[in-house]
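Encoded as C-alpha cells, the structure appears first; notes follow it.
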Amino acid sequence: MNMVKPELLRGDITSLEVDAIVNAANSSLLGGGGVDGAIHRAAGPELLAECVKAAGERRHIPGGPCPAGDAVITGGYRLKAKYVIHTVGPVWYGVGRGEPELLASCYRKSLLLAEKNKLRSIAFPNISTGVYGYPKDRAAALAVETVKKTLEETPGLERLVFVCFDDENFRLYRELLGL
Ligand code: APR
C-alpha cells in the first residue's frame with residue numbers, strides 16, 4: 001500500500017529537484033518544443049546525445065524508437081533532477097483511436113520505470129495536452145486515476161508531483177486532487 005499523496009505545483013518542471021522528471025516526448029526521442037524543448041535546453045547537449053544512443057538501440061521497435069504509451073529513462077545531466085523519464089503521449093484524434101489507453105500507459109509505465117530504478121520522487125507534466133491536443137479535462141482525470149491506481153504497485157515511491165504550466169490544467173488538477 002503506498003500512502004503517497006500527489007502534490008500539485010504550478011510552473012516549470014525543469015526547476016524541480018526530484019529523482020526524475022517526466023518528459024512529454026515524441027517517438028523519435030530527439031527533442032521538440034513544449035516541455036520536451038524546455039527539458040533539453042535545461043539538461044544540455046549530453047541529454048540529446050544519450051537520447052540519440054537510446055534511439056539507435058531501439059530503432060527496430062515498431063512505432064519507435066519510443067512508441068506512444070511507452071517510456072525510456074535517461075540521465076538528467078544539468079537538470080536538478082537525476083533522471084528524465086521520456087514518455088510519448090497519444091495525439092488526440094477524438095475517442096476511438098485508443099488514446100485513453102495510451103495516455104494511461106504513459107503514466108503507468110513511467111511510474112513502474114521509476115520503481116524499477118529505485119527512484120523515490122517523480123514529477124509529471126500534463127502529457128499530451130499541448131501540441132498533441134488531448135482535451136485537458138479528460139487527460140487530467142485519467143492521469144490522476146491512473147497514478148492513484150499504479151501507486152499500489154510502487155511501494156518505494158515517496159513523492160509524486162503533478163506540474164501544471166497553464167491555468168486551466170492547474171484548476172482541473174486542484175479540483176481533482178481536492179486541494
Ligand atoms: N514545465 C512544465 N510543463 C510544461 C512546460 C514546462 N517547462 N512547457 C510546457 N509545458 C506543458 C504544456 O503547457 C502542456 O500542458 O506541458 C504540457 C504538454 O504539452 P507539450 O509539451 O506540447 O507536449 P504534448 O502535448 O505531449 O506534445 C508532445 O510536442 O514538444 C513536442 O517533442 C514533443 O512532439 C512532441 C509533442
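Just so you know, residue 1 is the first one in the sequence shown, and it goes up from there. For the numbers below, each heavy atom of this structure counts, side chains included, while hydrogens, waters and symmetry mates do not. Read the numbers this way: they start at 1 and go in the same order the structure lists the ligands and their atoms.
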Original post:
For ligand 1, which atoms, with element, lie under 4.0 Å from some heavy atom of G11?
Top reply: 1 (N), 2 (C)
Subject >> Shortest reach to atom 12 (C) of ligand 1 by a heavy atom, considering only F165, F170, Y134 >> reply: F165
**OP:** Mark up the atoms of ligand 1 that fall under 4.0 Å of a heavy atom belonging to A24, in ascending order.
**Re:** 23 (O), 26 (O), 28 (C), 33 (C)
Original post:
Can you find an N or O of G130 that's nearer than 3.5 Å to an N or O of ligand 1?
Top reply: yes
**OP:** Can you sort out which atoms of ligand 1 are near G33, meaning under 4.0 Å from one of its heavy atoms?
**Re:** 30 (O), 31 (C)
Original post:
Which residues satisfy the salt bridge (charged side-chain N to carboxylate O under 4.0 Å, His left out) test with E17, sequence neighbours excluded?
Top reply: none
Original post:
Counting both backbone and side chain atoms, is some N or O of T14 under 3.5 Å from an N or O of ligand 1?
Top reply: no
Original post:
Does the distance from a Lys or Arg side-chain N to an Asp or Glu carboxylate O, for K149 and E145, drop under 4.0 Å?
Top reply: yes
**OP:** Please identify which atoms of ligand 1 are closer than 4.0 Å to at least one heavy atom of D12.
**Re:** 1 (N), 6 (C), 7 (N)
Original post:
For V163, is at least one N or O under 3.5 Å away from an N or O on ligand 1?
Top reply: no
Subject >> Salt-bridge contact R58-D70 (side-chain N to carboxylate O under 4.0 Å) >> reply: yes
**OP:** Mark yes when over 12 heavy atoms from residues, nucleotides or ligands other than Y77 sit less than 6.0 Å from its OH; otherwise mark no.
**Re:** yes
Original post:
Under 4.0 Å from any heavy atom of A38, which atoms of ligand 1 are there?
Top reply: 7 (N)
Subject >> Test of proximity, I13 against ligand 1: N or O pairs below 3.5 Å >> reply: yes
**OP:** Using a 4.0 Å heavy-atom threshold (strictly under), name the region of D166 that reaches ligand 1: side chain, backbone, both or neither.
**Re:** side chain
**OP:** May I ask you to say whether D167 pairs ionically with R10, meaning some side-chain N is under 4.0 Å from a carboxylate O?
**Re:** yes
Subject >> Qualifying side chain to side chain donor-acceptor pair (under 3.5 Å) pairs with a residue from residues 94-122, counting only residues at least two apart or across chains >> reply: R108-E153, R120-E158
